[in-house]
Student: 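What follows is a structure written as structure tokens; I'll ask about it next.
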Number of protein chains: 4
Amino acid sequence: MTGPKQNVGRPRDAQIDDAIVRATRELLVERGYAKLTMDAVAKRAGIGKAAIYRRFATRQEMIFAATVHGMEEQPPPDSGTLRGDLAAVCRTIAAQLGAAPPDVLHGLLADIHADQALGARFTGSFIGREQYVLGEVLDRALARGELAAMPDVRVVHALLIGPVFFWLLILIGDREQVAALSATVAESVADSLVKG
Amino acid sequence: MTGPKQNVGRPRDAQIDDAIVRATRELLVERGYAKLTMDAVAKRAGIGKAAIYRRFATRQEMIFAATVHGMEEQPPPDSGTLRGDLAAVCRTIAAQLGAAPPDVLHGLLADIHADQALGARFTGSFIGREQYVLGEVLDRALARGELAAMPDVRVVHALLIGPVFFWLLILIGDREQVAALSATVAESVADSLVKG
Amino acid sequence: MTGPKQNVGRPRDAQIDDAIVRATRELLVERGYAKLTMDAVAKRAGIGKAAIYRRFATRQEMIFAATVHGMEEQPPPDSGTLRGDLAAVCRTIAAQLGAAPPDVLHGLLADIHADQALGARFTGSFIGREQYVLGEVLDRALARGELAAMPDVRVVHALLIGPVFFWLLILIGDREQVAALSATVAESVADSLVKG
Amino acid sequence: MTGPKQNVGRPRDAQIDDAIVRATRELLVERGYAKLTMDAVAKRAGIGKAAIYRRFATRQEMIFAATVHGMEEQPPPDSGTLRGDLAAVCRTIAAQLGAAPPDVLHGLLADIHADQALGARFTGSFIGREQYVLGEVLDRALARGELAAMPDVRVVHALLIGPVFFWLLILIGDREQVAALSATVAESVADSLVKG
DNA sequence: CAATAACCGAGACGGTACGTCTAGTCTTCCC
DNA sequence: GGGAAGACTAGACGTACCGTCTCGGTTATTG
């Protein structure tokens, strides 16, 4: 076993976890992803840099944790139709994507894809979770008889989330319209799946 | 008259422009976006750093220029149907997106959105060009009578390109399947537009 | 209170101070003043450049500190005569001037006189110290009755040290002869002062 | 024979020689030796850099030429005494040294001693000329019977010019007092030589 | 009077060092 | 052992300057 012994010595101060997250989010908004420095986070949080690196291995992990916090996405309550379920999933993910400034998400994605290991973790946890949720929704539709066969979840994922992602992060489109876009996409994807 | 003086002093060496672009692309493939350094580009190209900074104000501009070279996208030949035109547009853009490694595109997008001015230029030139092409395609459909009214080009853009973008850059999906995905998306979007 | 906070944070590593001084002196001898680079010093000392710039604001200050180390010159023991005292002072200073290669001293003097602040520090500390020592020696001669009145210390400084300085740094003369030159100068200056 | 053929092609523009010298002197006064750049000289003189490098091999040579111009020092008219001749030589050299700002002379000396070849040229031409003049003066004294034997010219050089050099360049002393210092030095050296 | 050869201003070129900055690690004293 | 403070290594950044070279063009002498 590596790492510090458990239950020995001074326990970590939980307030510091909060302070790091808060400082990171503030500075992300104030200065943007590229100009966020570890020294600035430490100073803003009123702590030492070591306290950060005791919790997160890299800058990317810290921002990841401070930004993408609650990744415990759950399958939506059964709405009774595939279209309704897909719309619910889409809205939830769109809300998460819209919560952070675009430059933060782009910076994070760049860092994630710059590093093999981080990329794998991201795909495994985050992407995987979304596809698990979609899988559940599709299973329900299969059980209901809406679908004749199980489609490729990855393709459905791209069809459903791609447009919203593109709207928010590439077109930097109006966030008010995302709800309408989600509905359109859900309907279109559901029709497409049911039909073929 | 703005711009550099004409016909005065030693002209810029066109071979150097090429050498920079070539070195940048090579190093991007060999080391990835994050590990590309200006010194490395200069050394590989056999030139001084000053020659780079005389042409590009920042690292980002250099990579942008070296990567996103020919942005002279044209409306596709009229296929006779909205679905066919959309599929053609989608395939073209998908091919461009698939040409560069994902980490390069993510790095570029991050840098683009980190800087206000660069973001505006990107949107104006690149995004704008794509939407102009889509507008032409939609105009044809309107003229044909396939569409009753002109839809929001930005929404169509997101619906059409979003899934492909997501597939290639977020899911890091199989590139062989992009053609099939493009077809699916084009059909779905065309149906959706014709119907509503 | 000015200056860095006491007893807070990691203290500066005294070994690094030594390493910088040692590396600077070695490279000064090996390559000369003009070809001494900060990167070379850092590499030779096995440290980062930041550790140097944390201690010295500029290249000049670093070389100054590494070269002009012990400026704690003391009045020589009373030899009983003005001539003997002057010869002792002259020999000491000649030995210091002869310790460093001429190009180092010229480089240093050039940098010192290129910067107002550095020039003032040099004059105040180094020149001032030498003139303090000369003043003590002249006071003794006055007390002995060798001198009727106190001469201008600055003039005596120039008369005594000027020839040795010129010999070593401008004529690049034989260093063996400096002792004889010192004796000649001391005698000549002492005679001149006593007489007039 | 290397170099361009004589009397063939367009002759050099004499106005440019002047313009370079003038621009160099002006900028030396305005910015000092260390901050004088070739581009600045060219711009100020309204010429291209190539025109400078066609005339001078290096920055140092240019400043040397612009500063130390007339090095055609001649033996002074016979004053009838060694003391008088030495005072005349000393005053002449002091006037030359006092003509340029101290930082320029220090910068020049540093550059001269940074390069082996330049150092040799400087010693051979400039130092050599001064010692030739001194030799003439000493020959006269020998002929007059003031001196019993020929002293070492280099030592006389150091004794005579050293104090003035030190006063002007190291002590940065009052330039009004240099005349008096020259007289004192000349008397002291003459006495010293005659005596022994 | 045309050809030749060296000149000219402007400014791009390769190279090199500068002083700054940041990430992630380490060290001190304190609790 | 955790924490704050801050020094540490490593290495890229963008700037500045040097001395050279190249462009279009000019001005003398030579043939």
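So that the names make sense, note that chain A is the first sequence line, chain B the second, and so on, each numbered from 1. These values consider heavy atoms only, across backbone and side chains, with no hydrogens, waters or symmetry-generated copies.
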Student: Could you pull out all residues at least two apart from B:Asp103 that satisfy side chain to side chain donor-acceptor pair (under 3.5 Å)?
Tutor: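 Testing B:Asp103 for side chain to side chain donor-acceptor pair (under 3.5 Å), a comparison that skips the adjacent residues, returns none.
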
Student: Without decimals, in angstroms, what is the distance between B:Ile52 CD1 and F:dA12 C1'?
Tutor: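 One finds 13 Å between C1' of F:dA12 and CD1 of B:Ile52, rounded.
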
Student: Can you name the residues that form a side chain to side chain donor-acceptor pair (under 3.5 Å) with B:Arg44, not counting sequence neighbours?
Tutor: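 Once residues adjacent in sequence are excluded, the partners of B:Arg44 under the side chain to side chain donor-acceptor pair (under 3.5 Å) criterion are B:Glu26, B:Glu30.
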
Student: Report the distance from atom CZ of C:Arg54 to atom P of E:dG19, rounded to the nearest whole Å.
Tutor: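 Roughly 16 Å, once rounded to whole Å.
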
Student: According to a strict under-4.0 Å criterion, is D:Arg55 in side-chain N/O contact with OP1 or OP2 of E:dC7?
Tutor: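 Indeed not, no polar side-chain atom of D:Arg55 lies that close.
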
Student: Take atom CD1 of B:Ile63 and atom C1' of F:dA12, then tell me their distance rounded to the nearest Å.
Tutor: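 From B:Ile63 CD1 to F:dA12 C1': 13 Å.
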
Student: D:Lys49 and D:Lys43: side-chain contact (heavy atoms from CB on, under 4.5 Å), yes or no, with the steps?
Tutor: CA-CA 8 Å; D:Lys49 272 202 292 180; D:Lys43 190 163 192 180; over 6 Å; no

Student: With sequence neighbours left out, write down each residue that passes ring pair (Phe, Tyr, Trp, His ring centres under 6.0 Å) with A:Tyr53, or none if nothing qualifies.
Tutor: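 Expected list: none.
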
Student: Would you please name every residue forming a side chain to side chain donor-acceptor pair (under 3.5 Å) with D:Asp17, sequence neighbours left out?
Tutor: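 D:Asp17 satisfies side chain to side chain donor-acceptor pair (under 3.5 Å) with D:Arg55 once adjacent residues are dropped.
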
Student: Distance check needed: F:dC17 C1' versus D:Arg31 CZ, whole Å only.
Tutor: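 Taking atom C1' of F:dC17 as the reference, CZ of D:Arg31 is at 13 Å.
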
Student: Does C:Pro11 have any side chain to side chain contact (heavy atoms under 4.5 Å, CB included) partners at least two apart in sequence or in another chain, and if so, which?
Tutor: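 Partners of C:Pro11 under the side chain to side chain contact (heavy atoms under 4.5 Å, CB included) test: none.
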
Student: Between C1' on E:dT25 and CZ on A:Phe56, what's the gap in Å once rounded to a whole number?
Tutor: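 That distance rounds to 18 Å.
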
Student: Which letter, B, S or -, goes with each nucleotide of nucleotides 18-23 of chain F from 5' to 3', with contact meaning a protein heavy atom under 4.0 Å?
Tutor: SBBBBB

Student: Using whole Å, what does the distance between atom C1' of nucleotide E:dC8 and atom CG of D:Asp18 come to?
Tutor: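 So the CG-C1' distance, D:Asp18 to E:dC8, works out to 17 Å.
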
Student: Grab the CD-P distance between A:Gln15 and F:dA4 for me, whole Å please.
Tutor: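 Roughly 11 Å, once rounded to whole Å.
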
Student: Report the distance from atom CG of C:Leu27 to atom P of E:dA17, rounded to the nearest whole Å.
Tutor: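 One finds 12 Å between P of E:dA17 and CG of C:Leu27, rounded.
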
